[in-house]
Novice: 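Below you will find the structure I want to go over with you.
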Amino acid sequence: MSNIHLSSRRDLSTELRNAILDVLLAAANEDGAYPLSEDVVLSIQHGSEATHVVAYVDDAVAGYAFVGNSIRPKVELAVSPTFRRHGVGRALLDFVCESNDEIELWAHGNNASAKSLALNAGFEESRTLIHMRRSLLNAIDEADFPNDITVRSFNADLDFDAWLTCNAEAFGDHPDQGTWSEQELRLRLNETWFNPEGFLVAYQGDTMVGFHWTKVHSEEVHAERLGEVYIVGVVPSCRGIGLGRALALAGLAHLRSQGLTSAMLYVDASDHTAMSLYESLGFAHWDNDTLFVKRK
């Protein structure tokens, strides 16, 4: 297709932002998986230091690529189903590769076209996130918390700073989660899906030592209201006492109390401890997200 043209910018107008979000939703409905990760969508909606590359066919927004602001930037892209198989995805990826020596590219879901695009452009698979699901209609064991642990719903006035500290300790070796900033937390607390009753925090005395943050997805992408084990974290000093399992069970019980019938989660394929926990709670493999890396 000869009439593809690209535009790179740091800021998005409201009109262009909405056009990009329409492309993302169309791609999600076509593929059964949302094409961009949550933090990228928040960047589109609220602004960031990232670069936005927009592909046009004539005057229509045909595709989009997000390029993070780092030495090895994170890249995610989507192409409207209307304009697929015409070189839009390759044009976006070639443009990004020309400007960066090393790139991390995420492909969401088992999308053969996305994986083929990455491999044909010289990328190599580097990391896999496993998408797991379970029915909430099946039995959920009672959450059995250690005696010295108290659990309640998140209160931003009381727990904001304590959660940032707990999260950093719980995910100290995690490439994404452990570095959340105040702004990243605040953005999510202001999202329409946020429900403090589904954000459980565990304290040992005056110290937060664990949490389970749940999320409820609308029907737009998954064709049903779907609960998510959004984040479960336990600080190293409280691992091995059953706290993570108890928090997971309590969160699942909360999701079922909201009238939901299914729950999902993402877990790194290399985290065998977490995988074993979730399998023991009835979760099974559903789909994969794949990180590809290209080095010059």
Novice: Can any side-chain N or O of Thr214 pair as donor or acceptor with the backbone N or O of Gly251 at less than 3.5 Å?
Specialist: no
Novice: Nearest 0.5 Å please: distance from the OH atom of Tyr56 over to the CD1 atom of Ile4.
Specialist: 14.0 Å
Novice: Distance check, rounded to the nearest 0.5 Å: Leu265 atom CG versus Leu129 atom CG?
Specialist: 10.5 Å
Novice: Near Asn120 CG, under 6.0 Å, is it more than 12 heavy atoms from other residues, nucleotides or ligands?
Specialist: yes
Novice: Locate the shortest heavy-atom distance separating Leu255 from Ala263; write the atom from each residue and the value.
Specialist: CD1-CB, 4.3 Å
Novice: Could you walk me through whether His86 and Val57 pass the side-chain contact (heavy atoms from CB on, under 4.5 Å) check?
Specialist: CA-CA 10 Å; His86 294 291; Val57 173; over 6 Å; no
Novice: Are any side-chain N or O atoms of Asp287 and backbone N or O atoms of Asn110, one a donor and one an acceptor, separated by less than 3.5 Å?
Specialist: yes
Novice: Between Glu191 and Lys215, does at least one N-O distance fall below 4.0 Å, as a salt bridge requires?
Specialist: no
Novice: Examine Phe211 together with Trp163 and report whether their ring centres are nearer than 6.0 Å.
Specialist: yes
Novice: So, Asn288 and Thr290: side-chain donor and acceptor under 3.5 Å apart, yes or no?
Specialist: no
Novice: Would you call the rings of His131 and Tyr266 parallel, tilted or perpendicular, taking 30° and 60° as the class edges?
Specialist: tilted
Novice: For Asp271 and Tyr278, test the side chains for any donor-to-acceptor distance below 3.5 angstrom and give the result as yes or no.
Specialist: no
Novice: Verify salt bridge (Lys or Arg N to Asp or Glu O under 4.0 Å) between Arg84 and Glu30, making sure each step is shown before the conclusion.
Specialist: CA-CA 11 Å; Arg84 290 181 177 176; Glu30 177 76 12; 5.0 Å; no
Novice: Output, in order, the C-alpha distance, side-chain angles, deciding distance and verdict of side-chain contact (heavy atoms from CB on, under 4.5 Å) for Met132 and Val229.
Specialist: CA-CA 10 Å; Met132 307 181 79; Val229 177; over 6 Å; no
Novice: Is there a donor in the side chain of Tyr34 and an acceptor in the side chain of His108, or the other way round, less than 3.5 Å apart?
Specialist: no
Novice: May I ask you to test the Val201-Arg152 pair for a side-chain heavy-atom distance under 4.5 Å?
Specialist: yes
Novice: Give the cluster check for Phe160 versus Phe194: same hydrophobic cluster or not, with ILVMFWY residues linked at side-chain heavy-atom distances below 4.5 Å.
Specialist: yes
Novice: Look at the side chain of Asp58 and the backbone N and O of Ala60, then say whether any donor-acceptor pair between them is shorter than 3.5 Å.
Specialist: no
Novice: What pair of heavy atoms forms the shortest contact from Leu16 to Ser13, and how long is it?
Specialist: N-OG, 3.1 Å
Novice: Side chains of Glu197 and His254: is there a donor and an acceptor less than 3.5 Å apart?
Specialist: no
Novice: Does the side chain of Glu104 come within less than 4.5 Å of Arg127's, by heavy atoms?
Specialist: no
Novice: Is a side-chain donor-acceptor pair under 3.5 Å present for Ser280 with Arg245?
Specialist: yes
Novice: Would you call Ser43 and His52 a side-chain contact if the rule is heavy atoms closer than 4.5 Å?
Specialist: yes
Novice: Identify the heavy atoms of Phe145 and Ala250 that sit nearest to each other, and give their distance.
Specialist: CZ-CB, 4.0 Å
Novice: Flag yes if more than 12 heavy atoms outside Glu279 fall under 6.0 Å of its CD atom; otherwise flag no.
Specialist: yes
Novice: Looking at every heavy atom in both Ala156 and Leu189, which two are closest together, and how far apart are they?
Specialist: CB-CD1, 4.4 Å
Novice: Please say yes or no: joined through hydrophobic side-chain contacts below 4.5 Å, possibly via intermediate residues, are Leu105 and Val53 part of one cluster?
Specialist: yes
Novice: Could you tell me the separation between the CD atom of Gln204 and the CG atom of Asp148, rounded to the nearest 0.5 Å?
Specialist: 4.5 Å
Novice: Measuring from Leu243:CG to Asp144:CG, what's the distance to the nearest 0.5 Å?
Specialist: 11.0 Å
Novice: For Ala143 and Ala246, which heavy atoms make the closest approach, and how far apart are they?
Specialist: CB-O, 3.4 Å
Novice: If I compare all heavy atoms of Gly89 with all of Leu77, which pair ends up nearest, and what's the gap?
Specialist: O-CD2, 4.3 Å
Novice: Go through Val23 and Tyr64 one step at a time and tell me if the side-chain contact (heavy atoms from CB on, under 4.5 Å) criterion holds.
Specialist: CA-CA 8 Å; Val23 166; Tyr64 167 79; 5.5 Å; no
Novice: Between Lys294 and Cys97, is there a donor-acceptor pair closer than 3.5 Å when you use the side chain of the first and the backbone of the second?
Specialist: no
Novice: With no hydrogens and no angle check, is any side-chain donor or acceptor of Asn100 less than 3.5 Å from a backbone partner on Ile103?
Specialist: no
Novice: Measuring only between side-chain heavy atoms, which start at C-beta, is Phe95 closer than 4.5 Å to Val67?
Specialist: no
Novice: Could you tell me whether the side chain of Leu24 reaches within less than 4.5 Å of the side chain of Glu76, counting heavy atoms only?
Specialist: no
Novice: Tell me whether Arg188 forms a cation-pi arrangement with Trp180, defined as NZ or CZ under 6.0 Å from the six-membered ring centre and within 45 degrees of its axis.
Specialist: yes
Novice: Hydrophobic clusters here meaning ILVMFWY residues chained together by side-chain heavy-atom distances under 4.5 Å, can you tell me if Met264 and Val267 are in one?
Specialist: no
Novice: Is a side-chain donor or acceptor of Arg17 paired with a backbone partner of His46 at a separation under 3.5 angstrom?
Specialist: no
Novice: Indicate yes or no for a side-chain donor-acceptor contact from Asp31 to the backbone of Ala33 under 3.5 Å, with no hydrogens or angles considered.
Specialist: no
Novice: Any non-hydrogen side-chain atom of Leu252 less than 4.5 Å from a side-chain atom of Arg134?
Specialist: yes
Novice: Hey, are the side chains of Arg239 and Thr273 touching, using non-hydrogen atoms and a 4.5 Å cut-off?
Specialist: no
Novice: To the nearest 0.5 angstrom, please state how far the CZ atom of Arg295 sits from the CD atom of Glu102.
Specialist: 6.0 Å
Novice: Regarding Arg10 and Thr51, is there a side-chain donor-to-acceptor distance under 3.5 Å anywhere?
Specialist: yes
Novice: Do Leu200 and Ile231 belong to the same hydrophobic cluster, where Ile, Leu, Val, Met, Phe, Trp and Tyr are linked whenever their side-chain heavy atoms lie under 4.5 Å apart, directly or via other members?
Specialist: no
Novice: Does the ring centre of Phe123 sit less than 6.0 Å away from the ring centre of Phe292?
Specialist: no
Novice: Hey, what do you get for CH2 (Trp286) to CZ (Arg133), rounding to the nearest 0.5 Å?
Specialist: 4.5 Å
Novice: Donor-acceptor pair, Ser48 side chain versus Ile44 backbone, under 3.5 Å?
Specialist: no
Novice: In terms of hydrophobic clustering (I, L, V, M, F, W, Y; side-chain heavy atoms under 4.5 Å; direct or indirect links), are Val61 and Val41 co-clustered?
Specialist: yes
Novice: Walk me through whether Lys115 and Asn111 qualify under side-chain contact (heavy atoms from CB on, under 4.5 Å).
Specialist: CA-CA 6 Å; Lys115 292 186 177 182; Asn111 187 313; 5.9 Å; no
Novice: Heavy atoms, side chains only, cut-off 4.5 Å: are Phe83 and Val88 in contact?
Specialist: yes
Novice: Consider only side-chain N and O atoms of Arg9 and Ser7, and report whether a donor and an acceptor are under 3.5 Å apart.
Specialist: yes
